[in-house]
Amino acid sequence: QVQLVESGGGLVQAGGSLRLSCAASGRTFSSNTMGWFRQAPGKEREFVAGISWAGSSTLYADSVKGRFAISRDNAKNTVFLQMNSLKPEDTAVYYCAGATRLSISTTAGAYNYWGQGTQVTVSS
């Protein structure tokens with residue numbers, strides 16, 4: 001069983017940056033595809049970014065492409081989400097998720113385990 005703990009959220013002005021971290025416990029982390037999702041009040045959870053187990057492949061939602069970057073350090077069992085040029089519409093709770101699959105999925109149901117989430121608030 002893998003447990004995930006996110007950190008790095010907070011309040012930032014529009015145009016600013018934040019770096020989210022997701023620390024994983026468990027032996028299978030390095031073989032799992034990882035993803036970041038977000039959920040704003042009154043909206044469904046949506047895919048933000050995903051990364052393959054080796055970090056060789058990444059996938060981004062169109063809304064964050066060019067502004068966000070996902071990376072991972074398997075030696076430290078950690079996944080990161082660098083968020084630049086933040087906009088008020090990026091405000092949401094951000095969740096880290098892991099999937100026991102080889103390909104990156106944009107569907108929440110494909111992920112087997114989740115963190116508790118970290119709040120990101122972008123003020124205008």
Side-chain angles (χ1 to χ4, degrees):
Q1 185 73 16
V2 179
Q3 293 183 327
L4 304 176
V5 178
E6 302 98 332
S7 61
L11 174 64
V12 64
Q13 289 187 333
S17 299
L18 282 175
R19 190 191 196 202
L20 304 183
S21 298
C22 173
S25 62
R27 296 180 299 171
T28 61
F29 171 80
S30 61
S31 63
N32 290 181
T33 295
M34 300 299 296
W36 285 96
F37 287 74
R38 66 186 181 186
Q39 188 167 18
K43 295 187 177 181
E44 293 187 353
R45 190 168 298 189
E46 64 174 358
F47 173 81
V48 175
I51 188 167
S52 60
W53 70 273
S56 55
S57 297
T58 57
L59 184 66
Y60 296 93
D62 288 343
S63 59
V64 306
K65 201 171 295 183
R67 299 188 298 122
F68 290 12
I70 187 171
S71 61
R72 67 190 296 166
D73 185 340
N74 287 342
K76 297 182 179 180
N77 281 7
T78 305
V79 178
F80 304 97
L81 185 67
Q82 178 67 43
M83 305 186 296
N84 300 324
S85 302
L86 283 161
K87 305 175 181 179
E89 50 263 45
D90 293 319
T91 295
V93 176
Y94 283 71
Y95 296 91
C96 176
T100 54
R101 52 183 291 137
L102 295 178
S103 60
I104 301 170
S105 174
T106 62
T107 304
Y111 289 78
N112 306 99
Y113 47 95
W114 294 79
Q116 83 289 348
T118 185
Q119 176 70 47
V120 171
T121 303
V122 184
S123 63
S124 57

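Sequential numbering from 1 along the given sequence is applied to the chain's residues. From a predicted model like this one, the values you see are computed outputs, not experimental measurements.
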Leu59 reachable from Tyr95 in the ILVMFWY side-chain graph, under 4.5 Å edges: yes
hydrophobic_cluster_shared for Ile51 and Leu18, side chain cutoff 4.5 Å: yes
Backbone of Thr100 reached by a side-chain donor or acceptor of Asn112 within 3.5 Å: yes
Atom pair CZ (Phe80) and OG (Ser71), whose distance is rounded to the nearest 0.5 Å: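 So the gap between those two atoms works out to 6.0 Å.
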Nearest-0.5 Å distance, OG of residue Ser57 to CD1 of residue Ile70: 11.5 Å
Close side-chain approach of Thr106 and Ile104, heavy atoms under 4.5 Å: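 They are not in side-chain contact.
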Exam field: side chain Thr107 to backbone Gly109, donor-acceptor pair closer than 3.5 Å: no
Joint cluster assignment, Trp36 & Tyr60, ILVMFWY side-chain distance < 4.5 Å: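 Same cluster.
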For Ser103, side-chain contact (heavy atoms from CB on, under 4.5 Å) partners two or more places apart: Arg101
Considering all heavy atoms, the nearest Ala92-Ala40 contact: CB-N, 3.8 Å
Same cluster (ILVMFWY, side-chain, under 4.5 Å), Val93 and Val48: no
Partner of Thr121 by side chain to side chain contact (heavy atoms under 4.5 Å, CB included), out of Leu86, Thr91, Val12, Asp90: Thr91
Parallel, tilted or perpendicular, as decided by the 30° and 60° cut-offs, for the rings of Tyr94 and Phe68: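 Ring orientation, 0 to 90° scale: tilted.
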Minimum-distance pair of heavy atoms, taken over all atoms of Asn84 and Ser17: OD1-OG, 2.9 Å
Sole residue of Leu81, Thr78, Val2, Val79 in side chain to side chain contact (heavy atoms under 4.5 Å, CB included) with Met34: Val79
Residues that, via side-chain heavy atoms closer than 4.5 angstrom, fall in one hydrophobic cluster with Val5: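 Answer for Val5: none, a lone residue.
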Donor-acceptor contact below 3.5 Å, side chain Tyr111 vs main chain Cys96: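 No, the answer is negative, given that no donor and acceptor are paired below the 3.5 Å cut-off.
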Point-to-point distance, once rounded to the nearest 0.5 Å, from CZ of Arg72 to OG1 of Thr33: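 These two atoms lie 7.0 Å from each other.
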OG on Ser123 to CD on Gln13, rounded to 0.5 Å: 5.0 Å
Sub-4.5 Å side-chain heavy-atom contact between Ser63 and Arg38: yes
Heavy-atom donor-acceptor pair, Asn74 side chain to Ala54 backbone, under 3.5 Å: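 Checking the backbone N and O of Ala54 against the side chain of Asn74, no donor-acceptor pair under 3.5 Å is found.
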Closest heavy-atom pair and its distance - Ala110, Ala99: O-CB, 3.5 Å
Side chain to side chain contact (heavy atoms under 4.5 Å, CB included) partner of Arg67, the single match among Met83, Lys87, Gln82: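 Result for side chain to side chain contact (heavy atoms under 4.5 Å, CB included) with Arg67: Lys87.
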Closest heavy-atom pair and its distance - Phe47, Ser105: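 What the structure gives for the nearest pair is CE1-O, 3.6 Å.
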Crowding at CD, Glu46 (>12 non-hydrogen neighbours, <6.0 Å): yes
